[in-house]
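Here the structure is a predicted model, which means the values were calculated and not measured.
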Amino acid sequence: MGERSKSSLGIITRKSLFSLFTIASILFFLSWFFVLRSTSIDSSLFTNTNTNSNPLHVVNNGNSEPTNRNRAILNDSVEEEEAELPQKKCNTKNKAILKVYMYDLPPEFHFELLDWKAQGGSVWPDVTKNIPQYPGGLNLQHSIEYWLTLDLLASEISNIPRASSVIRVRNSTEADFIFVPFFASLSYNKFSKKTPHKKKGNDRALQDKLVDYVTNQELWKQYQGKDHFIVAHHPNSLLTARMKLWRATFILSDFGRYPPNIANVDKDVIAPYKHVIKPYVNDTSDFDTRPTLLYFQGAIYRKDCVGFWRKDDETFLANLSLRVLYDSITSFEGHSLDFLRVPSVCVHHGGFARQELFYLLKDEKDVHFTFGSVQRNGINKATQGMHASKFCLNIAGDTPSSNRLFDAIVSHCVPVIISDEIELPYEDVLDYSKFCIFVRTSDAVKEHFLINLIRSIKKDEWSRMRDRLKEVEDFFKFQYPSKEGDAVQMIWQAVARKVPAMRLRIHKSKRFSHTVTKKEQELKSIPSPRNFW
């Protein structure tokens, strides 16, 4: 009897312990569930209810829906976000992705450079008729500010059919960015040479006027220009003014002639060149009908890209032909120079690579590698050559980039990019590896490396890349009026994506605004040093 009582007691004890353990476990998991639920973050706190102030989402609607071919190459995340947006009729008055306030600069800074004369007190031409024409030839490759200004002016006219990525606002407090419409590249191309018996050329004089005008505006003073943007697409444009307007966002072709303090990928926007050769319309060619394997036509013996500031008049000495490399140079043509270390990107990756590749490739039977220029029907020859080629070389020259890349894109000639320091337009939303071949300069100049690499790319892979080129080519075409997915709209969207970072810089700069002393305010107004190298 005693033994049976003991065993019964043991069974009861084990059951009790098991029940207690089960109850405790359930209570433990329930307690953690309620703790986690109570500490979860309400996502609505981060929801932006103002669609106009969110520059990262493209508003798609009846007139601005990107075509399937344009959407195909964009990153998947961007495609998914855009696909969820409702389709509505385009209304540029309240559905624009970006709101821009544009200064009414005197005509001498923009369309007067195209020999347009203001009439009736307006500083702008009537963009519904008689639009001033931009000079042709190589001038066109840097005409970005012209197309952006036209598009912004057209945004105020309801009967001009155009895409709706941007709208001009008249109230600066409504603007995401403030635009300074100076035709800097055109000014450089027209006036960069000094007039005899003048201390400085007309381009420098115009830049000085611009700096004086802009920096005296209350809008500039408010945030020291952090919410402004300026186009300076030609590498030598805005040469002196850039050192005083550097807080603004620049729209550039690359950073080859800018110190990182003045221009960088975080602050500024890279825009494509306007292609110079004719696009390949109704292209029915394929791998077998393009006889040339690899194509390059241009300057082979490049000037080494070295920049200096003269102490006497700050004239930039660019493109000096230096066959010997120096770490620093103290004088040139009798002028005393500020200290400067030669940028390796200009010296090695430019002239050196082109020359080496010329000697490596010149005897390959299906490779076209020759000197060429716009003279003697050069543009038509380049058009025919690129349209008949499978691959087109884009090698760094005086600067990391050139219009040759964009000529290749509209020719459906797969670009081979040999430029280690190149920055590409819209690369945050566009994967260039799907339609370009990238080769490090150090590899490209190895004997047989480049030609073996190109020959290893067979018909199927080339055809996939060529098809991608056809999908993205509209992203690099400038036109007026602009259309959804063209270069003008893509640049505006790239500017819109800079808005959050710009606002962050402004907000951080205001942290100690309540405790800033008068002396500290005076220090803020001290101009930047001339040479950031």
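Looking at heavy atoms from C-beta onward, Asp126 lies out of side-chain contact with Gln119 at the 4.5 angstrom threshold. Using a 4.5 Å heavy-atom threshold, the side chains of Val429 and Arg497 count as touching. Side-chain atoms of Pro181 and Trp124, non-hydrogen and from C-beta on, do get closer than 4.5 Å to each other. Two residues are said to be in side-chain contact when any heavy atoms from C-beta on lie closer than 4.5 Å; Leu98 and Val499 meet this criterion. Side-chain contact between Pro415 and Leu469 is present, with at least one heavy-atom pair separated by less than 4.5 Å. Leu105 is listed as a side-chain neighbour of Leu210, based on a closest heavy-atom distance under 4.5 Å. The shortest distance between side-chain heavy atoms of Phe478 and Ile491 falls below 4.5 Å.
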| task | Report the C-alpha separation of Phe111 and Leu150 in whole Å, then their side-chain angles, then the decisive distance to 0.1 Å, and conclude whether the side-chain contact (heavy atoms from CB on, under 4.5 Å) test is met. | result | CA-CA 10 Å; Phe111 284 100; Leu150 283 178; 3.8 Å; yes
| Audit row: Leu114, Phe183, side-chain contact (heavy atoms from CB on, under 4.5 Å) steps and yes/no | CA-CA 10 Å; Leu114 297 172; Phe183 289 7; 4.2 Å; yes
| From CA spacing to verdict: side-chain hydrogen bond (donor to acceptor under 3.5 Å, both in side chains), Asn216, Asp212 | CA-CA 6 Å; Asn216 280 299; Asp212 185 61; 3.2 Å; yes
| Asp203 vs Gln207, side-chain hydrogen bond (donor to acceptor under 3.5 Å, both in side chains): CA-CA, chis, key distance, verdict | CA-CA 6 Å; Asp203 177 49; Gln207 289 184 61; 3.0 Å; yes
| said: Please evaluate residues Leu148 and Trp492 with respect to the criterion side-chain contact (heavy atoms from CB on, under 4.5 Å), reporting the C-alpha separation (whole Å), side-chain torsions for both, the decisive distance (0.1 Å), and the verdict. | reply: CA-CA 8 Å; Leu148 295 183; Trp492 285 130; 3.9 Å; yes
| field | Derivation and outcome, side-chain contact (heavy atoms from CB on, under 4.5 Å), residues Val100 and Phe229 | value | CA-CA 10 Å; Val100 173; Phe229 74 92; 4.1 Å; yes
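Under the side chain to side chain donor-acceptor pair (under 3.5 Å) criterion, Glu145 pairs with no residue, sequence neighbours left out. Scored by the side chain to side chain donor-acceptor pair (under 3.5 Å) test, Ser401 finds Asp254, Tyr273 as partners (sequence neighbours excluded). In this view, Ser122 satisfies the side chain to side chain donor-acceptor pair (under 3.5 Å) rule with no residue, not counting sequence neighbours. Scored by the side chain to side chain donor-acceptor pair (under 3.5 Å) test, Lys221 finds no partners at all (sequence neighbours excluded).
In this structure, Leu238 and Phe250 approach most closely via the heavy-atom pair CD2-CE2, 3.8 Å. Closest heavy-atom contact between Ser155 and Val166: CB-O, 3.9 Å. Here the shortest heavy-atom pairing between Gln489 and Ser482 reads NE2-OG, 2.6 Å. Counting all heavy atoms, side chain and backbone alike, Thr399 lies closest to Arg257 at CG2-NE, 3.5 Å. Of all heavy-atom pairs between Ile230 and Leu245, the closest is CD1-CD1, 3.7 Å. The two residues Phe109 and Phe182 come nearest to each other via the heavy atoms O-CD1, 3.2 Å.
Here the CD1 atom belonging to Ile262 is positioned 11.5 Å from the CG atom belonging to Leu252, to the nearest 0.5 angstrom. One finds the OG atom of Ser192 at 7.5 Å from the NE2 atom of His234 (value rounded to the nearest 0.5 Å). Atom NZ in Lys267 sits 7.0 Å away from atom CZ in Arg505 (nearest 0.5 Å). The CD1 atom of Ile409 sits 4.5 Å away from the CG atom of Leu405 when rounded to the nearest 0.5 Å.
Partner of His228 under the ring-ring contact (aromatic ring centres under 6.0 Å, His included) criterion, out of Phe179, Tyr103, Phe177, Tyr223: Tyr103 alone.
At distances below 3.5 Å, at least one donor-acceptor pair connects side-chain atoms of Ser509 with backbone N or O atoms of Ile506. Within the 3.5 Å criterion, the main-chain N or O of Ser237 finds a donor-acceptor partner in the side chain of Arg242. Remark: the backbone N or O of Asp266 is paired with a side-chain donor or acceptor of Lys498 at under 3.5 angstrom. Between the Ser419 side chain and the Pro400 main chain, a donor and an acceptor come within less than 3.5 Å of each other. Between the side chain of His233 and the backbone N or O of Ser185 there is no donor-acceptor pair closer than 3.5 Å. Proximity of a side-chain donor or acceptor of Ser402 to a complementary backbone N or O of Arg404 within less than 3.5 Å is detected. Judged by distance alone, the side chain of Tyr480 and the main-chain N or O of Val127 form a donor-acceptor pair under 3.5 Å.
Between Asp474 and Lys477 there is a salt bridge, since a side-chain N of the basic residue sits under 4.0 Å from a carboxylate O of the acidic one.
For NZ of Lys209, the number of neighbouring non-hydrogen atoms (other residues, nucleotides, ligands) closer than 6.0 Å is 12 at most. Summarising the local packing, NZ of Lys483 is surrounded by 12 or fewer heavy atoms from other residues, nucleotides or ligands at distances under 6.0 Å. Counting non-hydrogen atoms of neighbouring residues, nucleotides and ligands closer than 6.0 angstrom, the CG atom of Asn282 reaches no more than 12 such neighbours.
Residue pairs that meet the salt bridge (charged side-chain N to carboxylate O under 4.0 Å, His left out) test with at least one member in residues 148-157, sequence neighbours left out, are Asp151-Arg162, Glu156-Arg168, Glu156-Arg170.
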Which pairs would a plain distance check flag for residues 274-281, meaning a side-chain donor or acceptor within less than 3.5 Å of a matching protein atom at least two apart in sequence or in another chain?
| residue | atom | partner | partner atom | Å |
| --- | --- | --- | --- | --- |
| His275 | ND1 | Ile277 | O | 3.0 |

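The aromatic rings of Tyr146 and Tyr134 are tilted relative to each other, their planes meeting at an angle between 30° and 60°.
Taking the centre of each ring, Tyr188 and Phe191 stay at or above the 6.0 Å mark.
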